[in-house]
2 protein chains.
Amino acid sequence: MTKSTRSDTKSDAAFPRRGHDHHRCVADALSQAEALCAQRGARLTEIRKQVLALVWESHAPIGAYQILEKLAESGKRPAPIAVYRALDFLMEQGFVHRLASRNAFLGCGHPDTNHQAQFLICDSCGSVAELADSRIVDAIADRAGRSGFAVAGHVVEIQGTCPDCRKAAHA
Amino acid sequence: MTKSTRSDTKSDAAFPRRGHDHHRCVADALSQAEALCAQRGARLTEIRKQVLALVWESHAPIGAYQILEKLAESGKRPAPIAVYRALDFLMEQGFVHRLASRNAFLGCGHPDTNHQAQFLICDSCGSVAELADSRIVDAIADRAGRSGFAVAGHVVEIQGTCPDCRKAAHA
DNA sequence: GGTCATTTTGTTACATTATAACGTGACGTG
DNA sequence: CACGTCACGTTATAATGTAACAAAATGACC
Ligand SMILES: [Zn+2]
Ligand SMILES: [Zn+2]
Ligand SMILES: [Zn+2]
Ligand SMILES: [Zn+2]
């Protein structure tokens, strides 16, 4: 395809802007999770909520043991398994993604829909953009199809440098 | 370099055929590695060769500690770090890929060229096909570009069922 | 051959990530 | 309240990956 102007919307909203109101991100994520759990009859227990909040602490992925540390700071130190169990629940519900290339976890930006996400991961600042790119998915489906391979899922994690960090590097 | 992605038609040779002469795969991989190391002034030492051979034992990825076990069976039991060091060397030389979604390693099918591979991983038999699909790469590059993201590398690992296993399931 | 720098390997110890097994408590249903 | 299920706590362990430093092998040079 073409180079498709950088001036559509100035940048394709994949990465959250630096300095955005992140409290809003967290609040939205939590309230969406509450709502969806209510709908689904799933139980968003205290530890699950805490883990979800910690995962949403930033747009960079966080490791399970980092979550554990943060929980310890706020009073309790659960066993690792407790964190993993909470993360398993959150992933089942689609509230959290796992980045295989980092062994780390990330809040999902649209937990209401079943989806296969792709990720842009900034090597410099660590922040991640979640994508749902149909061209990538189509290309994968097409190639798999030609090989007679039935696709069940995929891991697409793209490393590089995010727009903000590129600007910073230029300076 | 190879224009391997287009118009191979009809079941694109991505997966090796069941019952192919795999000794040939191993022999080719080893002799290619020898040749490339000679060209490059790199040293394909004994343990590196052994690890490469073990990685090529099948078209399924193998874990570092599985390699360790196999080495132990054949006499020596090196420390884990020795295996990881050999794997690091082999990855630097482009003889081996690592599958992030499996924490496992796989022989590279075309070690002579610098490339970013994608992988089809069969959940059923474990075998893996290595791809170099330009449409996938282009879709990634395009999407990243539109986000102002500079791509440095990617992990594309597609899970599902390979042609042979699909046939077997149908029966 | 002898010196020397570099690379490779050995050895020991440790770090990080993730799960197993099993008991107890919380919750909803009838 | 009795029952079944789900969630959680506790303990131990598995699986994967590295750090640090010493010893040995290699190759270039004189
Ligand atoms: Zn935010
Ligand atoms: Zn960045
Ligand atoms: Zn083969
Ligand atoms: Zn298969």
Side-chain angles (χ1 to χ4, degrees), chain A residues 33-34 36-52 54-55 60-72 74-93 95-106 121 126 155 157, chain B residues 33-34 36-55 60-72 74-93 95-106 126 155 157:
Chain A
E34 299 262 22
L36 289 168
C37 280
Q39 262 181 44
R40 298 171 185 168
R43 290 158 60 188
L44 190 61
T45 61
E46 192 53 31
I47 190 172
R48 290 168 176 176
K49 202 184 303 186
Q50 287 177 331
V51 168
L52 182 58
L54 287 171
V55 164
I62 185 173
Y65 280 78
Q66 288 175 266
I67 293 172
L68 193 59
E69 278 312 306
K70 304 224 177 205
L71 286 172
S74 45
K76 329 114 214 272
R77 172 180 294 271
I81 186 94
V83 173
Y84 282 102
R85 286 199 280 228
L87 287 168
D88 283 345
F89 170 84
L90 295 169
M91 286 191 290
E92 271 166 29
Q93 296 297 321
F95 302 161
V96 162
H97 294 289
R98 180 172 186 275
L99 298 190
S101 64
R102 303 275 174 133
N103 298 324
F105 302 84
L106 180 70
I121 308 174
V155 172
E157 299 176 12
Chain B
E34 298 263 22
L36 288 167
C37 281
Q39 262 182 44
R40 296 170 185 169
R43 291 159 58 190
L44 189 61
T45 61
E46 193 51 31
I47 190 172
R48 290 169 177 173
K49 202 185 302 184
Q50 288 177 331
V51 169
L52 182 57
L54 287 171
V55 163
I62 185 173
Y65 280 76
Q66 287 175 266
I67 292 171
L68 194 57
E69 278 312 307
K70 303 225 175 204
L71 285 172
S74 46
K76 327 114 214 274
R77 173 180 293 271
I81 186 103
V83 172
Y84 282 103
R85 286 198 281 227
L87 287 168
D88 283 345
F89 170 84
L90 295 169
M91 285 191 289
E92 273 167 28
Q93 296 297 322
F95 301 160
V96 163
H97 294 290
R98 180 173 189 275
L99 298 189
S101 64
R102 302 274 174 131
N103 299 325
F105 302 84
L106 181 70
V155 171
E157 298 174 13

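All chains are named by letter (A, B, ...) in the order of the sequence lines, taking the proteins before the strands, and each is independently numbered beginning at 1.
Whole-Å rounding puts the A:Arg77 CZ to D:dT10 P distance at 13 Å. Distance B:Leu68 CG to C:dT9 C1': 15 Å, rounded to the nearest Å. Rounded to whole Å, atom P of C:dT9 lies 10 Å from atom CD of B:Glu46. Nucleotide C:dT7 holds its P atom 13 Å from the CZ atom of B:Phe89, rounded to whole Å. Rounded to whole Å, the distance from CD1 on A:Ile67 to C1' on C:dT16 is 14 Å. Atoms NZ (B:Lys49) and P (C:dT8) sit 15 Å apart, rounded to a whole Å. Atom CG of B:Leu87 is separated from atom C1' of C:dT9 by 15 Å (rounded to the nearest Å).
Separating the CZ atom in A:Arg48 from the CZ atom in A:Arg43 is a distance of 7.0 Å, to the nearest 0.5 Å. Note that the CG atom of A:Leu87 and the CZ atom of A:Phe95 stand 13.0 Å from one another [nearest 0.5 Å].
Proximity of a side-chain donor or acceptor of B:Glu157 to a complementary backbone N or O of B:Ser101 within less than 3.5 Å is detected. Side chain of A:Arg40 to main chain of A:Gln93: a donor-acceptor pair is present (N/O by atom type, distance under 3.5 Å, no hydrogens or angles). The main-chain N or O of B:Phe89 is never found under 3.5 Å from a side-chain atom of B:Glu92 such that the two would form a donor-acceptor pair.
Using a 4.0 Å cut-off between charged nitrogen and carboxylate oxygen, A:Glu34 and A:Lys49 count as a salt-bridge pair.
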(request) Assign a letter to each nucleotide of nucleotides 24-30 of chain C from its 5' end: B, base within under 4.0 Å of a protein heavy atom; S, sugar-phosphate only; -, no contact. (result) ---S---

(request) Could you encode protein contacts along nucleotides 12-22 of chain D as a string, one character per nucleotide from 5' to 3', using B for base contact, S for sugar-phosphate-only contact and - for no contact, with a heavy-atom cut-off of under 4.0 Å? (result) ----BBBBB--

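Summarising the geometry of B:Phe105 relative to B:Met91, their closest heavy-atom pair is CE2-CE, 3.9 Å, with the distance given to 0.1 Å.
Counting any heavy atom pair closer than 4.0 Å across all strands shown, B:Arg48 reaches sugar-phosphate atoms only and no base atom.
OP1 or OP2 of C:dT9 lies within a sub-4.0 Å distance of a side-chain N or O belonging to B:Thr45.
Side-chain contact between B:Val51 and B:Leu71 is present, with heavy atoms from C-beta onward closer than 4.5 Å.
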(message) Checking A:Ile62 against A:Leu106 for the side chain to side chain contact (heavy atoms under 4.5 Å, CB included) test, could you report, in this order, the C-alpha distance in whole Å, the side-chain angles of both residues, the deciding distance, and whether it holds?
(response) CA-CA 7 Å; A:Ile62 185 173; A:Leu106 180 70; over 6 Å; no

